Each structure stands twice: as C-alpha cells, then as structure tokens.
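The structure appears right after this line, and notes come after that.
Small disclaimer: the values here were computed from a predicted structure and weren't measured.
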2 protein chains.
Amino acid sequence: MLKITRKVEYALIALRHMQNKDSQAITSTKEIAVMYDIPLELLAKTLQLMARGGIVDAVHGPNGGYKIKVNLENINMIEFFEKIEGPLGLMDCYFDSDCTLISACNIRSPIQKINDNMRNMFENMSVGEITQ
Amino acid sequence: MLKITRKVEYALIALRHMQNKDSQAITSTKEIAVMYDIPLELLAKTLQLMARGGIVDAVHGPNGGYKIKVNLENINMIEFFEKIEGPLGLMDCYFDSDCTLISACNIRSPIQKINDNMRNMFENMSVGEITQ
DNA sequence: AATATATCAGACTATATTGGTCGGATATTA
DNA sequence: TAATATCCGACCAATATAGTCTGATATATT
Ligand code: FES
Ligand code: FES
C-alpha cells in the first residue's frame, strides 16, 4: 500500500533524462527505453499520457520524439500523478460512493483528514523539485 | 496507487469504536463486524495484528475480545501502518534491491526525497489524532 | 511516390497484490 | 465438559498493475 506505480516512475525517469539535455533537444522513446532498460511499449504509453497532459511536446515522424513543454517547477505532484494515474485518493469511497460500509462507517471523515494532509503535501511539491 | 488497504481501514474503524467506550470495556470481533458490516475473519486477523503489535490487549475465552492498550496519541501513523502492513515505502527498491533498473536508475534519490517527505508527514500524525 | 521511423491508440494477457474464506488449534469461562 | 472467544496459517477469489501485441497516423528521407 501507499505505493507509486511503474508508470509514474518511468515518467519521472524520462523527465529527468530530458531535463539534462538542451531544452530544444528531442528525445525518442527508444533512447530512454534502451538507456534505462525499460519496456518500450509501456514507456511509450507513459510519454503519450504526458503529451496528452501537456507536460511534453510530441514530434512525429523519423527523428521524432518528445521534449519538455512546461516549466516543471510550475507543476505540482498532484497534477502530475493525476495526469498519469487519474484521480488520487487514499480510498475509493471519495470517487464512487458505492462503498458498502458508507452507511455505518465511522472513519470517513477521519480518513479524509489523512487524505487532505497527503494532498496538501504533494501540492506543495513541484515536479521540478523532484527531478532536478 | 497511494491507496490504503482494507485491513488498515478496518483497524481504524475498530480503534475508533473502542475509543468511544469505557477504557476497560471489552469489545469482541463479532460486535464490530456486525455493527460495521465487515467480514469477521478479516477483521479478526487485523485485530490479531494489533494485539501482536501491542496496540490492543486480547482477552481469550467467552466474553473475551479486545481493549485498547496504549495511548493512541503516542503512536504515529508510520508505526501503525507498519504493524499492520509491514515495511512502508513508495517503491520496493528500498527493501529488496534486486530492482533491475537499479544500475542505470536516475531517480532513486529523487524518489527518496518524496519518500522522506511522506514518512515525515505520517510520523508527525498520531493515530489518536485521526481516530478521535 | 515509396519507404522507414516515430508517435498514437486500444485491446489483450500475465503477474502481483489485496480481499476474503476455511479448518483447526488454544485459551478461558460457565 | 461444553460453549465461545482469540489465534494461526493455508487457501481461493477479485482486483489492480505491468507488460505485450496489432494496427493506425504523421512526417522526414530517399
Ligand atoms: S469505508 Fe467507504 S465510507 Fe468508510
Ligand atoms: S527504480 Fe529501482 S532503483 Fe530506480
């Protein structure tokens, strides 16, 4: 529990890699996959998610690839996580409320407290701060 | 990702329930399972983990059950999580280091930063603070 | 125009983790 | 001795994550 996924990890690896190059340099999926020994297809999907989320720009065709689009200091970890993994919460009860416990549950608001603290922490943490 | 498990949730429900009773009152697994509609066997295992971890005291035999043993203000969420779920970390790389990426990995220390922040947050949060 | 190479997209399978069940042992009260 | 509770581990089921495959679209080079 409280684990990060491989997809998020691969995304961070890719960003950190690109950050160490000229800001206009283009990096292909294969370059990263080979260098860090990551499954190419999975990394590809991750980069596509970041492209869709506006974090990187995609360049099609031969010699294509990706480059960082935004200032990574201006994007916080919650935004980042959610672009890649969707809604973030300690429990599912906060998204779909078909939780069978919900009627009797005595810890819904207590867990909300933990959740708020966690979100708060990640909101005050920028991607750039991590990858630099 | 970054989810809490049912076991942890059931543990919190149980503690919160017991906290609202006389400190010497004994609460059986069944009482909690019925009231909150939780699978009895699973809740039982959770309470056993807490007993083993010294959070609650077990009373065997008929009319037996559990009661809270320690001051919940004096136990932080990391201790609590780890008693129930074992070692806590964003990735497995920090426990067993047979991670295939480890040689080339460029984000081991960055992720360590996130990890430290998260641990720090949970260390400064007591169980009592949550359940009260 | 044809070809090669890259992103894009979704369906699919494999694996790992979590959630829940079952059977039986041990302790204790009545 | 019978009833009821914790204890313990093996087991199965459900879900989530990780990874694969197939094919489409875009673009640079020949
Ligand atoms: S667990 Fe779903 S509401 Fe408390
Ligand atoms: S992922 Fe295991 S070390 Fe970076």
Side-chain angles (χ1 to χ4, degrees), chain A residues 1-11 13-14 26-34 36-53 55-67 69 81 84-92 95-96 98-101, chain B residues 1-11 13-14 26-34 36-53 55-67 69 81 84-92 95-96 98-101:
Chain A
M1 69 166 215
L2 292 173
K3 286 264 189 317
I4 251 175
T5 64
R6 285 285 188 192
K7 250 156 53 186
V8 163
E9 186 185 352
Y10 296 157
I13 290 179
I26 289 175
T27 308
S28 74
T29 307
K30 189 190 283 182
E31 175 182 329
I32 299 173
V34 167
Y36 300 99
D37 195 26
I38 295 173
L40 186 131
E41 300 294 340
L42 191 48
L43 174 62
K45 288 170 87 165
T46 308
L47 284 161
Q48 283 161 33
L49 286 170
M50 287 202 284
R52 220 179 291 173
I55 301 176
V56 298
D57 262 331
V59 179
H60 283 223
N63 305 319
Y66 299 90
K67 63 184 176 194
K69 184 178 183 182
F81 287 153
I84 292 170
E85 293 291 341
L88 185 68
L90 287 176
M91 327 224 33
D92 295 328
F95 313 124
D96 54 350
D98 57 353
C99 179
T100 56
L101 299 184
Chain B
M1 68 167 217
L2 293 173
K3 285 265 189 317
I4 252 176
T5 64
R6 285 286 189 190
K7 250 157 51 185
V8 164
E9 186 185 353
Y10 296 157
I13 289 180
I26 289 176
T27 309
S28 73
T29 307
K30 190 190 282 184
E31 175 182 329
I32 299 173
V34 166
Y36 301 99
D37 195 24
I38 295 173
L40 185 132
E41 300 294 339
L42 189 50
L43 174 62
K45 289 171 84 166
T46 307
L47 284 162
Q48 283 160 32
L49 286 171
M50 286 203 283
R52 220 180 291 172
I55 301 176
V56 297
D57 262 332
V59 179
H60 284 224
N63 305 319
Y66 300 90
K67 62 183 176 196
K69 184 180 185 183
F81 286 152
I84 291 169
E85 292 292 340
L88 185 67
L90 288 175
M91 328 226 30
D92 295 327
F95 314 123
D96 54 350
D98 57 352
C99 178
T100 57
L101 300 183

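Rounded to an integer number of Å, the gap from CD1 of I84(A) to P of dA18(D) is 12 Å. Nucleotide dA5(D) holds its P atom 13 Å from the CD1 atom of I32(B), rounded to whole Å. In this structure, CD1 of I26(A) is placed 17 Å from P of dT5(C), rounded to the nearest angstrom. Look at CE on M91(B): it is 12 Å from C1' on dA18(D), rounded to the nearest Å. As rounded to whole Å, 13 Å separates atom P of dA18(D) from atom CD1 of I13(A). The distance between atom CE of M50(B) and atom P of dC7(D), rounded to the nearest whole Å, is 11 Å. Across the protein-nucleic acid pair, E85(B) atom CD and dG19(C) atom C1' stand 11 Å apart, rounded to whole Å. One can place NZ of K30(A) at 9 Å from P of dT7(C), the figure rounded to the nearest angstrom.
Counting only heavy atoms from C-beta outward, the side chains of K30(A) and L43(A) never approach each other to under 4.5 Å. Annotation: side chain of T29(A) is in contact with side chain of Y66(A) (closest heavy-atom distance under 4.5 Å). Looking only at side-chain heavy atoms (C-beta outward), N63(A) and I26(A) stay at 4.5 Å or farther from each other. L2(B) is not listed as a side-chain neighbour of E85(A), based on a closest heavy-atom distance of 4.5 Å or more.
For Y66(A), the side-chain atoms get nearest to dT7(C) when compared with the rest of dT21(C), dT17(C), dT7(C). Nearest nucleotide to the L42(B) side chain, out of dT6(D), dT7(C), dG19(C): dG19(C). Here the side chain of P39(B) is nearest to one of dA6(C), dT18(C), dG20(C), namely dG20(C). Residue K45(A) has its side chain nearest to dA11(C) when only dC7(D), dT21(C), dA11(C) are considered. With dG19(C), dA16(D), dT29(C) as the candidates, the nucleotide lying closest to the side chain of T5(B) is dG19(C).
Between T29(B) and dT6(D) there is a side-chain polar atom (N or O) within less than 4.0 angstrom of OP1 or OP2. Between H60(A) and dC8(C) there is a side-chain N or O to OP1 or OP2 distance below 4.0 Å. Of the side-chain N and O atoms in R52(B), none sit less than 4.0 angstrom from OP1 or OP2 of dT6(D). Under 4.0 angstrom from either OP1 or OP2 of dT17(D) there lies no side-chain N or O belonging to Y10(A).
Checking side-chain atoms of K3(A) against main-chain N and O of G89(B) turns up a donor-acceptor pair under 3.5 Å.
Along DNA chain C, the nucleotide nearest to L40(B) and the one nearest to P62(A) differ in position, and the one closer to the 5' end is contacted by P62(A).
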